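Below: one structure, written as structure tokens.
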Amino acid sequence: SLCIFDFDKTDNNIFLKNSSKIKNLILAKNNLTTEFLIKHFHFNLFTFLEILDLSQNILDSIPEESLNFNRGLKNLNLSHNFIKLISTNLLVIYNDLSFNKIETIRNNKEKTFVYLVLSYKNNQLNKFDFSFLEHEGSLEYLDLSFNSIKTIFGFNNEFNSGLIHLNMRQNYLEILPNNLLINFIDLQRSNRSKLDLSSNRLELLEKFCLRNLFNLLYLNLSNNNLSFLDEHLFKDTNRLVQLDLSQNNFKFIRNLTLS
């Protein structure tokens, strides 16, 4: 059977009116536009909605005003769309923005977010501002892999983050500076912390770039341009169980201090 909804006629919003108990709404692989969602789709009628899948549509931006109505929304999948610009305003736990066209992220420093997992995988970012972590104490997993990030900034001593897993695989980083991870407190404390910097253009790891990461378990530096490691680089990585240095430019590796 075929059911057609004309969203220009309010009398035909039967589906929406009878959907208040829906928890999981899958709208993937359609041709939905941002304009359509804002104008016609009444998300406020989905009182118990927890999971919303809008992946593989043709969205060019995030209809934040339509989505932020629901404080119970936990999982939002916006992957495989055409989103270019976003602001970090969405109050969801799992936010998948992978495989879009994102070039710019506008941080709203006045909001407190509740992300646990945030993915910007496979976008068009060339820089990333970590200062949004100042207002994001819940974030555990951040995926920035497969972008074109050359510059990272926004680190300071004034806030603590709960980040456990940072994935920056396949970017254009050349230097890992001292105190890079100074705000990633749970990379220091967690028993499952991971840092993936593989497939970048890293030539230099500054002496104290891994300082205080006492509980870092997995570190991937493979497929870079490293030829030298400071002998004290791993001094504080007391619990490191996996270190990948494959596919670099080492001719020799001197004695390293592994506590």
Side-chain angles (χ1 to χ4, degrees), residues 1-108 111 113-126 128 132 136 138-148 167 169-170:
S1 62
L2 177 63
C3 183
I4 300 175
F5 297 100
D6 183 353
F7 287 92
D8 289 324
K9 298 179 180 179
T10 56
D11 291 342
N12 288 338
N13 282 332
I14 299 173
F15 168 70
L16 294 177
K17 291 179 181 178
N18 295 331
S19 302
S20 61
K21 294 184 179 180
I22 289 180
K23 291 185 177 182
N24 302 338
L25 179 58
I26 314 300
L27 296 170
K29 295 185 179 180
N30 282 286
N31 292 303
L32 298 175
T33 65
T34 303
E35 181 182 5
F36 171 81
L37 292 179
I38 292 174
K39 187 176 181 180
H40 298 296
F41 215 87
H42 305 287
F43 285 107
N44 61 320
L45 298 177
F46 294 86
T47 310
F48 297 98
L49 190 63
E50 295 182 357
I51 297 175
L52 175 59
D53 188 346
L54 289 165
S55 62
Q56 299 186 65
N57 279 281
I58 52 176
L59 305 180
D60 59 6
S61 61
I62 301 176
E64 293 183 23
E65 293 182 1
S66 299
L67 296 176
N68 270 335
F69 75 93
N70 190 339
R71 296 299 178 263
L73 188 62
K74 297 177 181 179
N75 190 322
L76 177 60
N77 188 347
L78 293 165
S79 65
H80 295 87
N81 277 282
F82 297 89
I83 299 168
K84 292 184 178 181
L85 172 66
I86 68 167
S87 60
T88 52
N89 291 346
L90 293 172
L91 302 175
V92 295
I93 295 177
Y94 301 95
N95 192 3
D96 189 348
L97 285 156
S98 60
F99 295 91
N100 275 280
K101 307 293 182 182
I102 298 171
E103 299 175 351
T104 304
I105 299 172
R106 184 176 66 248
N107 291 341
N108 184 339
K111 275 205 172 183
F113 311 107
V114 292
Y115 300 133
L116 286 180
V117 177
L118 178 57
S119 177
Y120 292 122
K121 179 180 179 179
N122 215 316
N123 276 280
Q124 298 175 9
L125 294 168
N126 57 35
F128 193 81
F132 85 97
E136 183 30 75
S138 302
L139 184 64
E140 294 186 355
Y141 178 86
L142 177 59
D143 191 345
L144 298 171
S145 60
F146 296 92
N147 278 278
S148 302
N167 187 353
R169 176 182 175 85
Q170 195 75 45

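Treat the numbers as computed from the prediction; the structure is a model and nothing was measured. Position 1 is the first residue of the sequence, and the numbers go up from there.
Inter-residue side-chain proximity for Asn57 and Phe82 is flagged as unmet; no heavy-atom pair is nearer than 4.5 Å. In this structure the side chain of Phe46 reaches within 4.5 angstrom of the side chain of Leu25, judged on heavy atoms. Using a 4.5 Å heavy-atom cutoff, the side chains of Ile62 and Leu78 are in contact. Between Leu32 and Leu27, some side-chain heavy-atom pair lies under the 4.5 Å cut-off. The shortest distance between side-chain heavy atoms of Leu85 and Ile102 does not fall below 4.5 Å.
Between Pro63 and Ile38, the shortest heavy-atom distance links the atoms CB-CG1, 3.7 Å. Heavy-atom minimum distance, Asn123 versus Asn147: C-OD1, 3.0 Å.
Under the side-chain contact (heavy atoms from CB on, under 4.5 Å) criterion, Lys84 pairs with Lys101, sequence neighbours left out. Partners of Asp96 by side chain to side chain donor-acceptor pair (under 3.5 Å), not counting sequence neighbours, listed by chain and number: Ser98. The side chain to side chain donor-acceptor pair (under 3.5 Å) test applied to Asp60 returns Thr34, not counting sequence neighbours. Remark: Phe128 engages Phe130, Phe132 in a ring-ring contact (aromatic ring centres under 6.0 Å, His included) (not counting sequence neighbours). For Asn75, the side chain to side chain donor-acceptor pair (under 3.5 Å) criterion is met by no residue, not counting sequence neighbours. Taking Tyr141 as the reference, His165 meet the ring-ring contact (aromatic ring centres under 6.0 Å, His included) condition, with sequence neighbours excluded. Every residue meeting the side chain to side chain donor-acceptor pair (under 3.5 Å) condition with Asp53, not counting sequence neighbours, appears here in chain and number order: Ser55.
Put simply, CD1 on Ile22 and CG on Leu49 are 8.0 Å apart, with the number rounded to the nearest 0.5 Å. Rounding to the nearest 0.5 Å places NZ of Lys74 at 10.5 Å from CG of Asn24. Atoms CG and CD1, on Asn81 and Ile58 in that order, are 8.5 Å from each other to the nearest 0.5 Å.
Screening Asn167, Leu125, Asn122 for a side-chain contact (heavy atoms from CB on, under 4.5 Å) involving Phe146 leaves a single residue, Asn122.
Within a 6.0 Å sphere centred on CD of Gln124, heavy atoms belonging to other residues, nucleotides or ligands number more than 12.
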